[in-house]
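These numbers come from the heavy atoms of this one structure, side chains and all, not from hydrogens, waters or symmetry mates. Note on naming: letters A, B, ... go to the chains in the order of the sequence lines (proteins, then strands), and numbering restarts at 1 for each one. Everything numeric here is computed off the predicted structure, so don't read it as measured data.
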Amino acid sequence: GAGVSQSPSNKVTEKGKDVELRCDPISGHTALYWYRQSLGQGLEFLIYFQGNSAPDKSGLPSDRFSAERTGGSVSTLTIQRTQQEDSAVYLCASSWTSGQTQYFGPGTRLLVL
Amino acid sequence: DAKTTQPNSMESNEEEPVHLPCNHSTISGTDYIHWYRQLPSQGPEYVIHGLTSNVNNRMASLAIAEDRKSSTLILHRATLRDAAVYYCILIKRGGADGLTFGKGTHLIIQP
């Protein structure tokens, strides 16, 4: 079946612009996670959604970052007023429910000039 | 969260078995042992997971020590496509935390 998909695959933007990154989880998965991975670094957890519950935003690095999940499925991560340090690969993962195996998408490579 | 310890890198020859170790001495009874791998320029890929018993799937085998304080991922016949960073992590069933990947083991496969 279809895995987690993300779009765009690559995004180049100018400092100060807003960007939106999209994630389509595996159908039926209720848990959705956003991570980012800077070059040569490990995964940094950003935010987690479980069904229609309020998201766990504890990993968001600043108030420029926000995410929403519509209808318990598709999620959008928004970065406002991008900075060069936001350049990274942004990964989305989903699982049947929390605490179970997470399946990752291919990521969105963001470059802020 | 219970942490895991893995060697920074390992090297093996193509078509030979590879045993990737992981120590998790502070594992709790509800922690599942998961292995992921990340190929260059790709997102992490689920490999295998287990709780107490050894597990086999089409990708690999997972051998879990009787006291669960360590485990070994076994690739029975490595190929060049298996060259990746392999991560051993613990996921608590029902837990809501995001995954924390350490540095993992960089597996190098020689032709």
Next on the checklist: I need the Gln102(A) CD to Ile91(B) CD1 distance, nearest 0.5 Å.
Outcome noted: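 Reported value, rounded in 0.5 Å steps: 5.5 Å.
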Checklist entry - Can you tell me how far CD of Gln100(A) sits from NE2 of His34(B), rounded to the nearest 0.5 angstrom? => result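 Between His34(B) NE2 and Gln100(A) CD, I get 8.0 Å after rounding to 0.5 Å.
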Item to check | chain B contact residues among residues 105-113 of chain A, heavy-atom distance under 4.5 Å | outcome: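 From residues 105-113 of chain A, the residues near chain B are Gly105(A), Pro106(A), Arg109(A).
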Checklist entry - Side chain, backbone, both or neither: which part of Thr30(B) has a non-hydrogen atom closer than 4.5 Å to chain A? => result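 Answer is neither: Thr30(B) stays 4.5 Å or more from chain A.
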Checklist entry - Side chain, backbone, both or neither: which part of Tyr87(B) has a heavy atom under 4.5 Å from chain A? => result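 It is the side chain, since no backbone atom gets that close.
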Next on the checklist: Between Leu43(A) and Tyr36(B), is there a side-chain heavy-atom distance shorter than 4.5 Å?
Outcome noted: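 No, every pair of side-chain atoms sits at 4.5 Å or beyond.
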Next on the checklist: Contact between Gln37(A) and Gln38(B) at the side-chain level, heavy atoms closer than 4.5 Å - yes or no?
Outcome noted: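 Answer yes - side chains close enough.
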In one Ile/Leu/Val/Met/Phe/Trp/Tyr side-chain cluster, 4.5 Å: [X], [Y]:
{"X": "Ile109(B)", "Y": "Ile74(B)", "value": "no"}
{"X": "Val47(B)", "Y": "Val18(B)", "value": "yes"}
{"X": "Leu107(B)", "Y": "Leu62(B)", "value": "yes"}
{"X": "Ile26(A)", "Y": "Phe49(A)", "value": "no"}
{"X": "Leu39(B)", "Y": "Leu80(B)", "value": "no"}

Checklist entry - In this structure, are over 12 heavy atoms from other groups packed under 6.0 Å from Asn8(B) atom CG? => result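 No - once you tally the heavy atoms of other residues, nucleotides and ligands closer than 6.0 Å, there are 12 at most.
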Next on the checklist: Using a 6.0 Å cut-off, check whether atom CD of Glu85(A) has over 12 heavy atoms from anything other than its own residue.
Outcome noted: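 Result for CD/Glu85(A): enclosed.
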Checklist entry - Which bit of Thr101(A) is near chain B, if near means a heavy-atom gap under 4.5 Å: side chain, backbone, both or neither? => result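 Interface part for Thr101(A): both.
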Item to check | Phe104(A)-Tyr46(B) aromatic ring centre distance below 6.0 Å | outcome: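 When the ring centroids of Phe104(A) and Tyr46(B) are compared, they turn out to be at least 6.0 Å apart.
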Item to check | Closest contact, heavy atoms only, Leu91(A) versus Gly43(B) | outcome: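 Heavy-atom minimum between the residues: CD2-CA, 3.7 Å.
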